[in-house]
Amino acid sequence: MLPTFLVIGAAKSGTSSLFSYLRGHPEVFVTTPKELHFFSHGWRRGLGSYEGYFEGSEGYRARGEASTSYTQAPRFEGVPARIAEAVPDVRLVYLIRNPVERIRSQYVHYVDRGREGRPLDEAVRENPDYLDTSRYAYQLGLYLEHFRRDQVLVLANDQLRDARTDTMREVFGFLGVDPDAPIRPLDRELNRSANKRQAPPLVDSGRRLLRRTRLARHVPRSVRAHGLRIVSRPFPQEVAEVSPELEEWIWSELADDVVRLRELVGPDFDLWGRA
């Protein structure tokens with residue numbers, strides 16, 4: 001059993017919320033875990049290992065997974081070709097977001113995971129992954145070399161947030177399942193990670209260090225408690241604020257891609273007032 005649909009990204013654009021809504025549909029089977037990264041990371045393991053994640057999906061009209069690495073070229077190359085080789089009739093859902101907001105959210109996520117220690121402005125200008133993942137026309141174009149345009153549904157994060165019912169009805173219809181199935185509500189806002197007050201990696205390390213049993217038992221309780229209060233202070237929100245200069249630079253770098261994206265999504269798609 002192989003997927004009939006894939007949510008291909010974009011990272012930090014609300015794919016977790018979309019996946020949760022899909023999981024709640026009685027005719028849709030989704031994998032555990034959400035992100036298998038098979039076509040970007042695990043291709044050499046063979047399709048047999050991938051099919052194992054879809055065991056038990058025989059009675060469902062649609063089955064799929066969601067891996068945001070599938071739209072992170074050129075970091076992960078050859079993904080659309082591999083997908084086309086394995087599942088040429090698959091349906092692809094591509095959720096995109098205001099690039100400035102998406103980049104900020106990605107930065108916060110990287111800091112939280114200990115993958116980023118530079119200031120936001122420096123990180124975004126030096127690491128091409130931030131911009132490349134936001135080059136939506138470029139990423140989409142790689143898929144259109146292998147798939148028909150009608151096999152790809154492009155949605156905006158704003159649509160899922162502000163018009164959830166209508167947007168999910170469109171998604172369900174695209175996947176060939178009952179469009180009027182009730183949507184299970186989420187207990188959290190759409191992609192809250194955009195507003196997390198994250199601790200930098202040294203803070204998280206300090207928390208873990210102070211809580212490890214072997215070390216903690218040699219530290220007086222009062223000293224340990226004081227240390228935890230210090231390292232548990234919120235990550236300053238201003239550290240992850242996008243300056244006007246950086247925002248202008250991001251949009252200038254993405255200008256040609258946004259124009260191309262308008263050609264691909266049509267005149268009615270909201271591209272954040274940029275095209």
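F174 carries R91 over the face of its six-membered ring, with the cationic atom under 6.0 Å from the centre and within 45° of the normal.
There is a path of hydrophobic side-chain contacts, each under 4.5 Å, that joins L144 to F76. When hydrophobic clusters are built by joining Ile, Leu, Val, Met, Phe, Trp and Tyr residues whose side-chain heavy atoms come closer than 4.5 Å, directly or via intermediates, I250 is not grouped with V259. Cluster annotation: L261 is not connected to Y138 through the hydrophobic network of ILVMFWY side chains, with a link wherever side-chain heavy atoms come within less than 4.5 Å. In the hydrophobic clustering of this structure, L142 does not group with V93; members are Ile, Leu, Val, Met, Phe, Trp, Tyr whose side-chain heavy atoms approach within less than 4.5 Å, directly or through other members.
In this structure, the side chains of W272 and V100 stay at 4.5 Å or more apart for every pair of heavy atoms. Proximity of H41 to L36: side-chain heavy atoms (C-beta onward) are nowhere separated by under 4.5 Å. R75 has its side chain out of reach of D132: every pair of non-hydrogen atoms, C-beta onward, lies at least 4.5 Å apart. In this structure the side chain of L131 reaches within 4.5 angstrom of the side chain of L254, judged on heavy atoms. L22 has its side chain within reach of L175: a pair of non-hydrogen atoms, C-beta onward, lies under 4.5 Å apart. Looking at heavy atoms from C-beta onward, E77 lies in side-chain contact with P74 at the 4.5 angstrom threshold. Between V265 and Y136 there is no side-chain heavy-atom pair separated by less than 4.5 Å. For the pair E65/F54, a side-chain contact is recorded, criterion being any heavy-atom separation below 4.5 Å from C-beta on.
We find the CG-CD distance between L160 and E170 to be 11.0 Å, quoted to the nearest 0.5 Å. How far OG1 of T71 is from CD1 of I96: 10.5 Å, rounded to the nearest 0.5 Å.
In this structure, a donor-acceptor pair under 3.5 Å is absent between the side chains of E35 and S69. With no hydrogens or angles considered, no side-chain donor-acceptor pair links Q139 and Y143 at under 3.5 Å.
Of all heavy-atom pairs spanning A181 and P26, the tightest one is CB-CD, 4.2 Å. Nearest heavy atoms, V90 versus Q151: O-NE2, 2.9 Å. Heavy-atom minimum distance, Y130 versus E116: OH-OE1, 2.8 Å.
Between Y70 and H37, the ring planes are perpendicular. Angles over 60° get that label, and only those under 30° would be called parallel. Ring-plane geometry between H25 and F172 is classed as perpendicular, the angle between the planes exceeding 60 degrees on a 0 to 90 degree scale with a lower cut at 30.
Within a 6.0 Å radius of OH in Y53, other residues, nucleotides and ligands contribute 12 heavy atoms or fewer.
The side-chain contact (heavy atoms from CB on, under 4.5 Å) with Y50 is formed by just one residue from the set L2, T31, V87; it is L2.
Residue pairs satisfying the side-chain hydrogen bond (donor to acceptor under 3.5 Å, both in side chains) criterion with at least one member in residues 250-261, sequence neighbours excluded, are listed as follows: R260-E263.
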